[in-house]
Each structure stands twice: as C-alpha cells, then as structure tokens.
There are 2 protein chains.
Amino acid sequence: MTESTGTPTRRTEILDAAAELFARRGYHGVSIGDLGRAVGLTGPALYRHFRGKDAVLAEILLDISHRLLAEGTRRVAAAGDPRDALDALLRWHIDFALGNPALIVVHERELDNVPEPQRHEIRRAQRAYVEEWVGVLLRLHDLPEERARAAVHATFGLLNSTPHSAGALGREAMAALLHAMATAALTRAAGPA
Amino acid sequence: MTESTGTPTRRTEILDAAAELFARRGYHGVSIGDLGRAVGLTGPALYRHFRGKDAVLAEILLDISHRLLAEGTRRVAAAGDPRDALDALLRWHIDFALGNPALIVVHERELDNVPEPQRHEIRRAQRAYVEEWVGVLLRLHDLPEERARAAVHATFGLLNSTPHSAGALGREAMAALLHAMATAALTRAAGPA
DNA sequence: CGAATGGGTTAATGTTCATTAACATCGCCG
DNA sequence: CGGCGATGTTAATGAACATTAACCCATTCG
C-alpha cells in the first residue's frame with residue numbers, strides 16, 4: 001500500500017495499519033496505543049520510527065497525494081488526445097480508490113490534522129491533481145473554468161464514494177459502473193448550463 | 001437548521017453549533033468546552049440540556065436522517081411517475097446539501113460515534129432513504145437491484161461533494177450543475193453494463 | 001571481546017477531557 | 001414574602017492520552 005518497491009519494513013507496516021485505523025475511526029479516534037497494538041507492539045514503540053502521531057498522518061497524506069499526482073500527470077502526458085487523457089485519469093483514480101479505500105478516506109478527511117510544514121505541500125499536490133483533471137476537461141470541452149473545477153470535485157465525490165458502499169458488485173463491475181457514470185456526468189457538465 | 005417550526009431554544013442553538021463544529025473538526029476533535037463556548041456558555045452547562053456529548057451527536061443524526069427520509073418519501077408519493085419522482089428526489093437532496101453542508105458532512109461521517117440504541121434507528125432511516133431512491137430508479141429503468149443501489153450511493157457521493165468545493169459558482173448554478181450531472185450519471189448507470 | 005546501535009519494554013509525566021458536585025441567580029407562582 | 005425549578009458557574013474527579021525517561025537485549029562490527 002505504501003511502498004510499491006522495497007522490503008516491507010516496520011515503518012510501512014505502521015503506516016498501513018494507521019491508514020486503516022484513521023479511515024475507520026478518524027485521526028482523533030485512534031490512540032498511539034491502538035497504533036502500536038495494530039502491529040503487535042506497545043504504543044511508545046512508535047516513537048522509534050516516527051516523531052509523533054501527526055508525523056504518521058503527514059507521511060500517509062504526503063504519500064497518497066504524491067502518488068495520485070505523479071501517476072495522474074504521467075498518464076495525461078502519455079495520452080494521445082484529451083479524450084484518452086480523461087479516460088486514463090478515470091481509470092487511474094478508480095483503480096486507486098477501489099484498491100485503497102482506506103487511503104481515499106484518509107486523504108479526503110484528515111488534511112486538517114496534518115501539522116503545518118507538510119500541510120501546504122499536501123494541499124499543493126492535491127490542487128495540482130485537480131488542475132490536471134480540469135486542464136483535460138477544458139481541452140476536451142468548451143466550458144467555464146469554474147464550472148469545470150466544480151464538475152471535477154463532484155466527480156471525485158462520485159468516485160470516492162466507493163469505500164462507503166463496499167459493494168455486492170464485484171470489483172470489475174464496480175469499476176465499469178463508476179467509469180460509465182463519471183464519464184456521463186462529466187460530459188453532461190460540459191453541456192448547456 | 002434543526003427545527004423548521006418553533007422558537008429557537010438553547011437546545012437547538014447547541015445542536016446547530018455542534019453540527020458545525022463536528023463537521024469541521026470531527027466528533028473527537030471537539031470538546032465539551034468547545035461546544036459550550038460556541039454558544040457563549042461554559043462546558044458543563046451543556047449537561048442541563050443533553051445527557052452527554054454523544055447524545056448531542058445522536059440527536060443531530062436522528063434529525064437529519066429523519067428529515068431526509070420523511071421529505072424524500074413525501075416527494076416520491078406526491079410525484080406522478082418515476083421520472084418526476086427522481087427529479088423531486090434530486091431537487092430535495094441538492095437543496096438540503098447546499099443549504100446544510102455541515103449536516104451532510106456529519107451525517108456522512110459520524111454514525112459510528114452514536115451510541116447503540118439510536119445508531120440502529122439512524123441506520124434504518126438512512127437505509128430506507130436509499131431504498132426510496134433505489135425503488136424509483138428500478139421503476140424508471142430496467143437494471144439489477146445491486147447495480148441500482150451502487151449507482152445511488154455513487155450519486156450521493158457526487159451530490160454530497162458540495163461541502164468540499166464551496167464553490168465560486170453561485171448556489172443556483174451549482175444546484176443546476178449537480179442536478180444535470182447526477183441525472184446523466186444515473187441514466188448512464190441504467191444503460192448497458 | 002566489547003561497545004555501539006536499533007528497536008523494544010514498562011514506568012513516569014503532564015495535559016486534556018468528560019462528567020459530576022456544589023453552589024448561585026433569577027423569574028415565577030403560592 | 002418565600003420557595004423552587006430552570007439554567008448557569010466554578011471546582012473536583014478520574015480516565016485517557018501523547019510524549020518522554022529509564023532500562024533491556026540482540027546484532028553487528030571494530
């Protein structure tokens with residue numbers, strides 16, 4: 001979840017467990033003791049790996065926001081035309097959301113609990129990711145920028161709803177459904193006001 | 001926000017302030033002291049009006065879930081055909097979300113912090129509200145029930161995204177945009193898998 | 001060998017918090 | 001007038017929590 005490459009280390013073990021717990025109970029609803037217990041340790045052991053509870057959250061959010069942005073940018077650059085780019089963004093975001101529901105939830109909710117040096121960086125990455133979408137949408141359709149941004153945010157709401165409706169649909173069916181709905185919604189957003 | 005009729009009382013003042021704070025910082029991120037201060041009192045004054053912090057949250061969620069369900073049911077019953085019913089549901093939900101962003105956020109996130117006798121009742125109302133939508137969708141289009149339910153959840157995600165993108169668009173423009181996007185998404189969800 | 005280092009543990013420490021107790025004020029009704 | 005119920009206040013209580021201290025052991029490496 002946290003490192004695509006490299007050995008699973010204690011750090012990443014903690015990060016993964018923390019993401020799961022933060023998603024389920026919220027940052028303030030999880031104690032250091034909970035965090036330690038989740039990886040078979042006592043609470044204070046965490047300080048051997050992180051400066052504190054908020055540093056864990058910060059690292060989680062930095063990782064998510066950077067991964068979303070990096071791969072989003074990559075896919076847009078690799079796409080032939082805006083239509084392909086939008087499709088690639090959709091597939092990427094849906095894959096990520098279906099594969100990492102906890103991360104999506106934490107990314108959506110917990111920014112305010114990140115301490116200040118890093119909060120800005122996360123915000124920056126989040127905004128850049130949104131702008132990647134907005135840019136593609138504007139190249140694809142003729143609509144006001146503010147409307148495009150609102151449409152993108154609404155689409156994220158749709159795509160990120162996954163964690164809350166675990167789904168009796170299988171993963172593939174859900175992915176296809178979300179793709180279809182989001183495409184229709186975005187296309188319609190570009191239509192007459 | 002909390003009582004459509006009747007004098008604004010201390011209770012409702014607290015409930016409104018609490019909803020705002022819970023939405024912004026999360027249930028665990030708000031103290032009794034914060035709650036009191038928000039209405040110009042000290043923390044313990046709250047116990048003259050509620051059994052405890054969780055009772056405040058419970059009352060907020062009971063109110064929201066009941067209001068959503070009651071008006072949703074009313075509008076569906078009043079509608080001529082499924083097409084009108086869906087339109088009425090959309091308008092209702094969008095109006096509610098745009099008019100009460102804090103309530104939508106709390107409703108979405110804080111159910112787990114409600115103590116048990118009431119959690120069930122809230123869940124029941126939430127589910128019934130979803131089923132109202134699912135029923136209309138099934139009457140309107142031919143699609144598997146599970147797919148309809150997933151589509152409704154995704155649509156809620158889209159509509160409830162409002163609070164997170166306050167919007168440089170005006171309220172009316174935003175309402176129209178959400179309505180258009182949601183309709184398109186739901187229509188598409190009913191199409192070929 | 002032997003010391004340093006990494007990664008654990010259990011005991012403080014000090015804060016914040018929810019809740020309760022004890023006490024005050026005020027308006028109404030007898 | 002007198003009392004009482006509603007609504008506040010400040011002080012007390014006890015639990016939970018984040019963080020730090022003090023201590024321990026294994027591995028590595030000189």
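Naming: A, B, ... by sequence-line order, numbering from 1 per chain.
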Under the side chain to side chain donor-acceptor pair (under 3.5 Å) rule, collect the residues that match up with B/H93, sequence neighbours excluded. B/Y129, B/N160

One thing to verify: whether B/E132 and B/R75 come together as a salt bridge, which I'm taking to mean a side-chain N less than 4.0 angstrom from a carboxylate O. no

Only counting residues at least two apart or in another chain, list the ones meeting ring pair (Phe, Tyr, Trp, His ring centres under 6.0 Å) with B/F50. none

Look at the side-chain N and O atoms of B/H49 and state whether any lies under 4.0 Å from the OP1 or OP2 oxygen of D/dG8. yes

In whole Å, what is the span from the CZ atom of A/F50 to the C1' atom of C/dG6? 15 Å

Separation of C/dG7 P from A/E13 CD (nearest whole Å): 13 Å

With sequence neighbours left out, the residues meeting side chain to side chain donor-acceptor pair (under 3.5 Å) with A/R139 are none

Could you give the CD1-to-C1' distance, from B/I14 to D/dA6, as a whole number of Å? 13 Å

Is the phosphate of D/dG8 approached by B/T42 (side-chain N or O, under 4.0 Å from OP1 or OP2)? no

Summarise how protein sits on nucleotides 13-21 of chain C as a single string, 5' to 3': B when a protein heavy atom is under 4.0 Å from the base, S for sugar-phosphate-only contact, - for no contact. ----SSBB-

For B/Q118, the side chain to side chain donor-acceptor pair (under 3.5 Å) test, sequence neighbours excluded, returns none

Check the distance between D/dT19's C1' and A/L41's CG and give it to me in whole angstrom. 17 Å

Contacts of B/E116 meeting side chain to side chain donor-acceptor pair (under 3.5 Å) (sequence neighbours excluded), chain-then-number -> B/R119, B/H120

Rounded to whole Å, CG of B/L35 lies from P of D/dG8 at a distance of 14 Å

